[in-house]
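See structure below.
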Amino acid sequence: MYDFPSGKIRFQDYQITPTTFNQVAKARTAAYHRVKRGDTLGGIARRYGVSISTITRLNRISTRSILRIGQNLRVR
């Protein structure tokens, strides 16, 4: 492992285990949002840190689609 602040190598060996990649697996899991009154694609996109085009592509909708209350949208 490398210590960036001091600029030195701390360990020569690093054991890789399945837990090393837990954050990657968590980021890849699908996330859904249930549409509430007043929600917009832009607001949902900002909340989850994704683009509007990502949401529209994942849900096969257009940017002009009308969101229905209770509708589940995949955001990741």
Side-chain angles (χ1 to χ4, degrees):
M1 295 293 293
Y2 189 76
D3 185 14
F4 287 99
S6 66
K8 296 180 182 178
I9 296 176
R10 296 187 65 199
F11 307 109
Q12 291 290 330
D13 299 322
Y14 182 73
Q15 183 176 6
I16 297 176
T17 62
T19 58
T20 306
F21 301 101
N22 279 349
Q23 291 179 344
V24 174
K26 188 177 182 180
R28 288 186 177 175
T29 58
Y32 292 88
H33 174 80
R34 182 164 295 202
V35 176
K36 296 180 217 57
R37 185 172 189 215
D39 278 348
T40 62
L41 282 174
I44 295 168
R46 275 191 302 278
R47 180 179 297 161
Y48 291 96
V50 297
S51 66
I52 294 173
S53 61
T54 299
I55 295 174
T56 57
R57 183 176 35 83
L58 287 172
N59 294 284
R60 296 186 184 120
I61 60 174
S62 76
T63 56
R64 301 185 63 123
S65 296
I66 296 173
L67 300 179
R68 296 179 315 275
I69 295 173
Q71 178 180 5
N72 282 323
L73 292 177
R74 184 175 172 185
V75 291
R76 272 191 213 122

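Note that the structure is a prediction, hence the values are computed from the model and not measured.
- The heavy-atom pair separating Arg47 from Asp39 by the smallest distance is NH2-OD1, 4.3 Å.
- Listed here is the closest heavy atom pair of His33 and Val75: CB-CG1, 4.1 Å.
- The minimum heavy-atom distance between Arg74 and Ala30, with the atom names listed, is NE-CB, 3.7 Å.
- Between the CD1 atom of Ile61 and the CD1 atom of Ile52 there is a distance of 10.0 Å, given to the nearest 0.5 Å.
- Using a 4.5 Å heavy-atom threshold, the side chains of Leu67 and Ile44 count as touching.
- Closest of all the heavy-atom pairs between Val50 and Arg76 is CG1-CG, 4.4 Å.
- Shortest non-hydrogen contact noted between Ala45 and Ser51 is CB-C, 4.0 Å.
- For Lys36 against Ile69, the heavy-atom pair with the smallest separation is C-CG1, 4.4 Å.
- By the 4.5 Å heavy-atom criterion applied to side chains, Asn59 and Gln71 are not counted as neighbours.
- Under the 4.5 Å side-chain contact rule for hydrophobic residues, Tyr32 and Leu58 do not share a cluster.
- Rounding to the nearest 0.5 Å gives a distance of 9.5 Å between CG of Leu73 and OH of Tyr48.
- The hydrophobic clustering, which links ILVMFWY residues whose side-chain heavy atoms are closer than 4.5 Å, places Leu41 and Ile66 apart.
- Heavy atoms of other residues, nucleotides or ligands lying less than 6.0 angstrom from CZ of Arg46 number 12 at most.
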